Amino acid sequence: MKMGSFIMIIIGIIGFLGIVDAQLEMGYYAQSCAKAEEIVQKFAHEHISNVPTLAAPLLRMVFHDCFVRGCDASVLLNLTQASGNKTEKTAVPNQTLRGFGFIDSIKSLVEAECPGVVSCADILNLAARDAVVTIGGPYWPVPTGRRDGKVSSANEALKNIPPPTSNLSSLLTFFGRQGLDLKDLVVLSGAHTIGISHCQSFTKRLYNFTGRGFGQDPSLDSEYADNLKARKCPNPKDNTTIVEMDPGSFRTFDLDYYKLVLKRRGLFQSDAALTTGVTAKSIIMEFVSSPLEVFFEEFGKAMVKMTQIGVHTGSSGEIRKHCAFVN
């Protein structure tokens with residue numbers, strides 16, 4: 001690691017520590033399971049190095065978990081006959097999530113080292129961070145001490161996860177419910193610099209923006225729209241084809257997503273929405289004109305803030321033996 005990068009990380013950590021919730025701690029497992037974070041980091045580095053495209057799904061999983069009942073790993077729970085309730089996993093926004101087996105594998109390794117000590121919620125957050133770092137993305141400290149939730153609801157996922165068709169007002173409402181502000185919205189949307197989506201998430205912009213069976217979203221660059229219709233999603237009913245959210249660099253955590261948004265080439269309506277507010281657009285323009293490290297630092301701060309939403313600590317919740325099932 002270059003000395004300049006090392007110094008940036010140290011400065012960043014000092015800044016991050018000021019926004020860590022008192023309920024969580026850096027190195028929470030230092031005495032109870034000293035190798036926990038090392039196990040997660042080693043597994044993430046070994047596997048993400050071979051399959052870098054899994055970093056984006058893991059990061060997305062954290063978003064979807066934290067926006068529903070807080071960061072309690074409720075998104076990992078399977079539907080069981082005993083509960084009779086459809087879990088978050090089954091909700092439409094989560095049906096394309098990937099990486100559950102990845103988290104289960106880490107949990108098995110950690111359980112073998114320290115049975116019943118480390119929560120799935122902490123493993124998910126550590127794994128997502130380490131996966132992003134492995135592909136060259138930003139580092140952020142992950143304070144630990146979260147416990148796992150016992151309830152998971154598909155309906156709550158539908159109500160709380162922002163759909164890709166959201167306008168700026170709706171996005172601010174969704175984020176505001178979680179204690180996040182406009183800057184958090186713009187910064188965290190930058191995660192779209194990596195990963196893929198499916199045609200069904202944006203074909204309305206191409207074929208039915210009017211809601212009457214026709215019309216293209218005027219906020220979408222026409223050349224880009226024509227390319228999507230011709231080469232990616234020629235069938236409006238396609239729900240399987242995948243499309244890069246940041247074409248050309250979807251494996252790289254960089255500023256290209258923001259540059260595309262300014263060119264009206266954001267894939268989702270929610271991407272385009274970021275340019276409809278003066279303050280939101282100014283934040284994007286500032287990132288684009290600044291060194292990449294500026295975005296990395298702000299992204300890290302926003303992740304620290306988001307991953308402390310509604311956490312279970314102390315005697316609240318539990319430490320699951322298996323991430324897909326309550327004890």
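Quick caveat: nothing in here was measured; it's all calculated off a predicted structure. Note that the numbering runs from 1 along the sequence shown for the chain.
Using a 4.5 Å heavy-atom threshold, the side chains of Phe174 and Leu185 count as separate. Looking at Leu220 and Phe209, their side chains never come closer than 4.5 Å, going by heavy atoms from C-beta outward. The closest side-chain heavy-atom distance from Lys89 to Ser152 is not below 4.5 Å. Two residues are said to be in side-chain contact when any heavy atoms from C-beta on lie closer than 4.5 Å; Phe202 and Cys233 meet this criterion. Side chains of Glu297 and Lys301 form a contact here, defined as non-hydrogen atoms less than 4.5 Å apart.
For Tyr139 and Phe296, the ring centers sit 6.0 Å or farther from each other.
With hydrogens and angles ignored, the 3.5 Å screen pairs no side-chain donor or acceptor of Asp238 with any backbone N or O of Cys199. Put simply, the side chain of Glu113 never gets that close to the backbone of Leu109: no donor and acceptor are under 3.5 Å apart. Without hydrogens or angle criteria, Arg147 side chain to Ser316 main chain gives a donor-acceptor distance under 3.5 Å. Side-chain atoms of Gln23 do not come within 3.5 Å of backbone N or O of Val311 as any donor-acceptor pair. The main-chain N or O of Ile123 is never found under 3.5 Å from a side-chain atom of Arg146 such that the two would form a donor-acceptor pair. Side-chain atoms of Asn208 come within 3.5 Å of backbone atoms of Arg212 as a donor-acceptor pair (strictly under, hydrogens ignored). At least one donor-acceptor pair closer than 3.5 Å links the side chain of Thr193 to the backbone N or O of Thr252. Between the side chain of Tyr257 and the backbone N or O of Asp271, no donor-acceptor pair lies under 3.5 Å. The main-chain N or O of Pro143 is never found under 3.5 Å from a side-chain atom of Glu25 such that the two would form a donor-acceptor pair. Within the 3.5 Å criterion, the main-chain N or O of Asp184 finds no donor-acceptor partner in the side chain of Lys305.
Scanning all heavy atoms of the two residues, the minimum distance from Leu54 to Pro57 falls at O-CD, 3.1 Å. Taking all atoms of both residues into account, the shortest heavy-atom contact from Val68 to Ala157 is CG2-CA, 3.6 Å.
Note: the hydrophobic cluster containing Met245 also contains Leu206 (ILVMFWY, side chain heavy atoms under 4.5 Å, direct or indirect links).
The neighbour count for Gln31 CD, taken as heavy atoms of other residues, nucleotides or ligands under 6.0 Å away, does not exceed 12. For CD1 of Ile242, the number of neighbouring non-hydrogen atoms (other residues, nucleotides, ligands) closer than 6.0 Å is 12 at most.
Note that CG of Leu124 and SG of Cys323 are 8.5 Å apart. Values are rounded to the nearest 0.5 Å.
With respect to Cys120, the side chain to side chain contact (heavy atoms under 4.5 Å, CB included) criterion is satisfied by exactly one of Asp65, Leu76, Val75, Asp72: Leu76. Between Leu58 and the choices Leu97, Asn125, Asp130, Ile48, the side chain to side chain contact (heavy atoms under 4.5 Å, CB included) rule is met once, by Ile48. Screening Lys229, Arg205, Lys204 for a salt bridge (Lys or Arg N to Asp or Glu O under 4.0 Å) involving Asp217 leaves a single residue, Arg205.
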Derivation of the salt bridge (charged side-chain N to carboxylate O under 4.0 Å, His left out) call for Arg265 and Glu223
CA-CA 9 Å; Arg265 293 193 171 197; Glu223 183 179 344; 3.7 Å; yes
What's the verdict on side chain to side chain contact (heavy atoms under 4.5 Å, CB included) for Arg129 and Val62, showing C-alpha distance, side-chain angles and the deciding distance?
CA-CA 10 Å; Arg129 188 274 311 276; Val62 172; over 6 Å; no
Atom pairs and distances, side-chain donor-acceptor, residues 37-47, under 3.5 Å, sequence neighbours left out:
| from | atom 1 | to | atom 2 | distance (Å) |
| --- | --- | --- | --- | --- |
| His47 | ND1 | Phe43 | O | 2.9 |

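Between Phe268 and His192, the ring-plane angle classifies as perpendicular under the 30° and 60° cut-offs.
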